[in-house]
There are 2 protein chains.
Amino acid sequence: MKIGELARATGANIETIRYYERIGLLPEPDRTAANYRSYGAAHRARLIFIRHSRELGFTIEEIRSLLDLSDHPERDCAEADRIATGHLEQVEAKIAQLTTLRDELGRIVGRCRGGLAGDCRVIEALADHALCEGSHA
Amino acid sequence: MKIGELARATGANIETIRYYERIGLLPEPDRTAANYRSYGAAHRARLIFIRHSRELGFTIEEIRSLLDLSDHPERDCAEADRIATGHLEQVEAKIAQLTTLRDELGRIVGRCRGGLAGDCRVIEALADHALCEGSHA
DNA sequence: TCTTGACCCCGTAGTTGCTACAGGCTCCAT
DNA sequence: ATGGAGCCTGTAGCAACTACGGGGTCAAGA
């Protein structure tokens with residue numbers, strides 16, 4: 001299949017596919033006489049693996065390691081579990097951080113009663129460093 | 001105060017302070033005879049505003065607007081509220097997205113029982129596109 | 001007085017993961 | 001033969017910094 005078909009088959013966009021090839025994540029495919037890239041089922045599977053991993057938030061380097069394991073089925077899969085677990089922890093940390101952030105934002109937004117910027121509680125809250133250090137009694 | 005002191009006073013790092021100046025977020029300070037930047041209380045307050053806003057996840061452009069309002073107390077603060085509310089919605093959307101992601105990751109991580117990569121459920125799950133399309137009965 | 005080390009200056013390039021050109025080729029249908 | 005869709009390459013842009021190289025300045029200690 002040509003690059004456009006592969007893009008449609010996987011949901012990746014064409015520029016992204018070429019990008020993955022450039023950084024060595026997706027192997028260089030054969031070329032047609034007209035120098036068009038020609039992909040097979042293995043490429044499609046690999047790209048699906050990559051896209052799915054990206055959707056789960058794995059970095060390119062993590063995906064590189066995961067693909068490497070996938071290419072060497074005789075290795076120990078502890079590394080895969082370590083990567084996934086570590087990533088899960090990061091996601092959980094990010095959720096916790098965003099939740100705190102949401103609460104603080106909620107407090108700020110709730111304060112605005114309209115009127116002039118000079119009296120705006122939103123702007124005041126942002127200027128007031130104390131607010132982000134726990135003194136919101 | 002010199003740039004290093006300002007950095008310590010605000011928690012921003014020196015390169016970041018120069019960056020904010022370069023993009024016009026922080027006004028150019030006076031210079032000493034030796035061409036060192038010399039900051040006053042107004043700079044410190046503005047930088048605290050910026051850092052606090054960044055910690056809350058506002059983009060540079062949003063902060064530019066918020067600072068602009070802060071510089072013009074006679075304007076209507078509806079814009080500040082609009083920015084903050086919009087941002088809050090984005091944070092909530094991000095939390096929801098990450099939560100879904102965490103659940104899917106949790107399912108994947110829980111599957112690994114050690115052993116060879118060839119049998120690894122983590123790698124399998126990433127390769128299996130069906131998993132991310134709702135078929136996790 | 002000299003030197004050492006901490007601090008400051010500037011400009012540019014690197015980071016992550018793409019995305020968007022510009023300028024040109026190929027292929028297929030009409 | 002012509003038009004448009006699709007492909008090619010290489011490079012530049014995005015956000016928000018961060019890091020680096022190569023240099024100037026300043027205060028304290030030997």
Side-chain angles (χ1 to χ4, degrees), chain A residues 1-26 28-39 43 46-67 83 86-87 90-91 94 97-98 101, chain B residues 1-26 28-39 43 46-67 83 86-87 90-91 94 97-98 101:
Chain A
M1 50 167 69
K2 284 188 288 180
I3 198 168
E5 295 169 75
L6 180 63
R8 276 189 299 276
T10 59
N13 97 24
I14 292 179
E15 318 270 23
T16 305
I17 296 172
R18 285 198 283 248
Y19 168 71
Y20 289 157
E21 179 182 321
R22 208 159 55 240
I23 63 171
L25 212 56
L26 204 55
E28 294 185 23
D30 291 339
R31 299 288 185 129
T32 67
N35 200 33
Y36 286 12
R37 286 171 180 82
S38 176
Y39 296 97
H43 284 102
R46 198 175 178 91
L47 184 50
I48 286 170
F49 186 107
I50 295 169
R51 289 310 305 165
H52 190 192
S53 302
R54 285 292 302 135
E55 277 159 22
L56 289 171
F58 289 99
T59 65
I60 297 286
E61 290 314 306
E62 285 167 339
I63 296 170
R64 214 185 279 283
S65 303
L66 291 169
L67 280 169
I83 292 171
H87 183 55
Q90 274 180 40
V91 169
K94 188 78 191 170
Q97 188 208 328
L98 284 178
L101 209 130
Chain B
M1 52 168 69
K2 283 186 288 182
I3 199 169
E5 294 170 75
L6 180 63
R8 275 188 300 274
T10 59
N13 97 26
I14 293 179
E15 317 271 22
T16 305
I17 296 172
R18 284 199 283 249
Y19 168 70
Y20 288 158
E21 178 181 322
R22 208 159 55 239
I23 64 171
L25 211 56
L26 203 54
E28 295 185 21
D30 290 339
R31 298 290 184 126
T32 68
N35 200 33
Y36 287 10
R37 286 171 179 83
S38 176
Y39 297 97
H43 284 102
R46 199 175 177 91
L47 184 50
I48 285 170
F49 186 107
I50 295 169
R51 288 311 305 167
H52 190 192
S53 302
R54 284 294 301 134
E55 277 159 21
L56 289 170
F58 289 100
T59 66
I60 296 285
E61 289 315 305
E62 284 167 340
I63 296 170
R64 216 185 277 282
S65 303
L66 291 168
L67 280 169
I83 291 171
H87 182 56
Q90 275 180 40
V91 170
K94 188 77 192 172
Q97 188 208 327
L98 284 179
L101 210 131

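Below, chains carry the letters A, B, ... as their sequence lines are ordered, and counting in each starts from 1.
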Just the atom pairs and distances: protein N or O near nucleotides 6-10 of chain C's N or O, under 3.5 Å.
| unit_1 | atom_1 | unit_2 | atom_2 | d |
| --- | --- | --- | --- | --- |
| C:dC8 | OP1 | B:G4 | N | 2.7 |
| C:dC9 | OP1 | B:R37 | N | 2.7 |
| C:dC9 | OP1 | B:R37 | NH1 | 3.0 |
| C:dC9 | OP2 | B:R18 | NH1 | 2.7 |
| C:dC9 | OP2 | B:R37 | NH1 | 3.3 |
| C:dC9 | O5' | B:R37 | NH1 | 3.4 |
| C:dC9 | O3' | B:R31 | NH1 | 3.4 |
| C:dC10 | OP1 | B:R31 | NH1 | 3.3 |
| C:dC10 | OP1 | B:R31 | NH2 | 2.8 |
| C:dC10 | OP2 | B:R37 | NH1 | 2.9 |
| C:dC10 | OP2 | B:R37 | NH2 | 2.6 |

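- Nucleic acid contact for A:Y20: sugar-phosphate only, since backbone atoms but no base atoms lie under 4.0 Å from a heavy atom of the residue.
- In this structure, B:E55 atom CD and D:dC17 atom P are separated by 10 Å, rounded to whole Å.
- Rounded to a whole Å, the CD1 atom of A:I17 is 14 Å from the C1' atom of C:dT19.
- Phosphate contact (OP1/OP2 of D:dT18, side-chain N/O of B:T16, threshold under 4.0 Å): present.
- Within the model, atoms CD of A:E28 and CG of A:D30 stand 10.0 Å from one another, a figure rounded to the nearest 0.5 Å.
- Between A:R54 and the phosphate of C:dC18, there is a side-chain N or O to OP1/OP2 separation shorter than 4.0 Å.
- The shortest non-hydrogen separation linking A:L67 to A:L25 is CD1-O, 3.9 Å.
- The minimum heavy-atom distance linking B:E62 with B:T59 is given by the pair OE1-N, 2.8 Å.
- In this entry the distance linking CZ of A:F58 with P of C:dT16 reads 17 Å, nearest Å.
- Proximity of a side-chain donor or acceptor of A:H87 to a complementary backbone N or O of A:L56 within less than 3.5 Å is detected.
- Salt bridge B:E5/B:R8: absent, no basic N to carboxylate O contact under 4.0 Å.
- Rounded to an integer number of Å, the gap from CG of B:N13 to P of D:dC20 is 12 Å.
- Inspection of the A:Y20 and A:R51 side chains reveals an N or O donor paired with an N or O acceptor under 3.5 Å.
- Between the CZ atom of B:R22 and the C1' atom of D:dA15 there is a distance of 13 Å, rounded to whole Å.
- The nearest whole Å value for the distance from the OH atom in A:Y19 to the P atom in D:dC7 is 21 Å.
- When heavy atoms are screened at a 4.0 angstrom cut-off, A:R64 is found touching no nucleic acid atom at all.
- For B:I60, taking side-chain heavy atoms from C-beta onward, the closest of the listed nucleotides D:dC17, C:dG17, D:dT11 is D:dC17.
- Annotation for B:I17 and B:A12: closest pair CG1-CB, 4.0 Å, computed over non-hydrogen atoms.
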